[in-house]
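Reminder, nothing fancy here: chain letters follow the sequence lines and each chain counts from 1.
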Protein chains: 2
Amino acid sequence: MGESSARTLDRVFSAVSDPTRRAILARLADSEARVTDIATAFPISLNSTSKHIRVLEGAGLVRRSVRGREHILALDAAPLAQAAGWIVHYRRFWGDQLASLDAFVAGRDKTDRTGRSS
Amino acid sequence: MGESSARTLDRVFSAVSDPTRRAILARLADSEARVTDIATAFPISLNSTSKHIRVLEGAGLVRRSVRGREHILALDAAPLAQAAGWIVHYRRFWGDQLASLDAFVAGRDKTDRTGRSS
DNA sequence: AGAAGATTCACCCATGCAGGTGAATATATG
DNA sequence: CATATATTCACCTGCATGGGTGAATCTTCT
């Protein structure tokens, strides 16, 4: 399971490296949405939005349920857990700035999670 | 502080999305190394290795100390903590597969951390 | 000074991706 | 059937990047 998911890890990290896609995830964390809903919320075209969603789907971060002519998109953060699993291996190198991961989580929870930088 | 680090987050995720670079990080987690040491450990040229290290430096994940003609590279996992901070915002969407992050950390700690495939 | 080692710089090539526009495909709705 | 809505497909452009080769730079050693 650790070997075949390397490709997935590639895609997850790559997908999440884009600010627009991180913003899309933040949006979907709030509520489900259609492709058009997301497109109108960002200064990019509907087409570009569709491609971003494709990438997020390829990473397993977004799931789509076609209901009629509307494509309802929902966040699926499971691959992020996998990504966290990789990162956490290096937690002993994080140094004195972060004692425990849970403490880190608690302290950081009120930060903005959009990741938008225009 | 949360805004200017968005770019950093981009670079961290992007840097880590490459399997070769993840393997380089794993190597540096074991011990410091020169550029040549890393290059000989991978089936890519010295030049390509140098570029990968540049990317990792740009993400703040690797620090270089020039000692004479040798460039000693060391892991700096602090940016990974920042990346973990972003991911952790979505931990409540991870579902039933992972109850608490610490439990996850404990259970996953003996998995391989190389990230190498092939 | 001269030679060998370590690393980078300057290009080249191919691929991928983010962004766009315009047409095509479904699905509702009148 | 005809039309509006939702999404994608096909294609184009510009830029970044992973890979390579060969020359240049800098440092150590004899």
Side-chain angles (χ1 to χ4, degrees), chain A residues 6-25 27-28 31-74 115-118, chain B residues 6-25 27-28 31-74 115-118:
Chain A
R7 272 257 162 73
T8 305
L9 206 55
D10 293 8
R11 286 190 215 148
V12 171
F13 279 132
S14 185
V16 155
S17 71
D18 186 273
T20 301
R21 283 192 290 261
R22 284 202 303 276
I24 290 176
L25 290 181
R27 170 102 183 181
L28 290 179
S31 72
E32 294 186 341
R34 298 172 305 164
V35 179
T36 308
D37 297 331
I38 294 176
T40 55
F42 296 99
I44 59 176
S45 75
L46 177 66
N47 220 322
S48 192
T49 306
S50 181
K51 288 183 202 170
H52 278 302
I53 291 167
R54 269 282 170 115
V55 174
L56 290 170
E57 272 188 298
L61 289 165
V62 162
R63 262 199 257 169
R64 178 192 310 246
S65 57
V66 181
R67 209 179 306 178
R69 62 182 170 181
E70 296 177 337
H71 294 207
I72 307 294
L73 306 168
R116 294 193 219 165
S117 61
S118 106
Chain B
R7 274 258 162 72
T8 304
L9 207 56
D10 293 9
R11 288 191 215 145
V12 171
F13 279 132
S14 184
V16 155
S17 71
D18 185 275
T20 300
R21 284 192 289 261
R22 284 203 304 277
I24 290 175
L25 291 181
R27 170 100 183 183
L28 289 179
S31 72
E32 295 186 342
R34 298 172 306 163
V35 180
T36 308
D37 296 331
I38 294 175
T40 54
F42 295 98
I44 58 178
S45 74
L46 178 66
N47 220 322
S48 192
T49 306
S50 181
K51 289 183 201 168
H52 278 303
I53 290 168
R54 270 280 170 115
V55 174
L56 290 171
E57 271 188 298
L61 289 166
V62 161
R63 262 202 258 170
R64 178 193 310 245
S65 57
V66 180
R67 209 180 306 179
R69 62 183 170 181
E70 296 177 337
H71 294 208
I72 306 294
L73 306 168
R116 296 192 217 165
S117 61
S118 100

>> Filter on salt bridge (charged side-chain N to carboxylate O under 4.0 Å, His left out), then keep only pairs touching residues 34-50 of chain B, sequence neighbours left out; what's left?
In response: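 Residue pairs passing salt bridge (charged side-chain N to carboxylate O under 4.0 Å, His left out), neighbours aside: B/Arg34-B/Asp37, B/Arg34-B/Glu70.
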>> Any side-chain N or O of A/Ser45 below 4.0 angstrom from OP1/OP2 of C/dG20?
In response: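 So the side chain of A/Ser45 is within the cut-off, an N or O lying under 4.0 Å from OP1 or OP2 of C/dG20.
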Rounded interatomic separation in angstrom, taking [atom1] from [X] and [atom2] from [N]:
X       : N      : atom1 : atom2 : result
B/His71 : C/dG5  : NE2   : P     : 17 Å
B/Ile38 : C/dT7  : CD1   : P     : 9 Å
A/Glu70 : C/dT29 : CD    : C1'   : 13 Å
A/Phe42 : C/dA18 : CZ    : P     : 14 Å

> Which of residues 46-55 of chain A have a heavy atom under 4.0 Å from DNA chain C?
Replying inline: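 By residue number: A/Asn47, A/Ser48, A/Lys51, A/His52.
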>> To check you understand the geometry: which heavy-atom pair defines the closest contact between B/Ala23 and B/Phe42, and what is its length?
In response: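 Looks like CB-CE2, 3.5 Å.
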>> If you assign each of B/Val35 and A/Ser14 to its closest nucleotide in DNA chain C, which residue comes earlier from the 5' end?
In response: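 Taking each residue's closest nucleotide, the earlier one in sequence belongs to B/Val35.
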> Which residue pairs pass the side-chain hydrogen bond (donor to acceptor under 3.5 Å, both in side chains) test with at least one member in residues 40-51 of chain A, sequence neighbours excluded?
Replying inline: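 Every pair satisfying side-chain hydrogen bond (donor to acceptor under 3.5 Å, both in side chains) with a residue in residues 40-51 of chain A: there are none.
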What nitrogen or oxygen pairs link the protein and nucleotides 25-29 of chain D at under 3.5 Å?
none

> Listed by chain and number, what are the side-chain contact (heavy atoms from CB on, under 4.5 Å) partners of A/Arg21, not counting sequence neighbours?
Replying inline: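 With neighbours one apart ignored, the set is A/Ala15, A/Asp18, A/His52, A/Val55, A/Leu56.
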>> Applying side chain to side chain donor-acceptor pair (under 3.5 Å), can you list everything that pairs with A/Glu57, at least two apart in sequence or on another chain?
In response: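 Per chain and number, A/Glu57 pairs via side chain to side chain donor-acceptor pair (under 3.5 Å) with A/Arg64.
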> Distance from A/Ser17 atom OG to A/Arg22 atom CZ, nearest 0.5 Å?
Replying inline: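 If I round to the nearest 0.5 Å, the distance is 7.5 Å.
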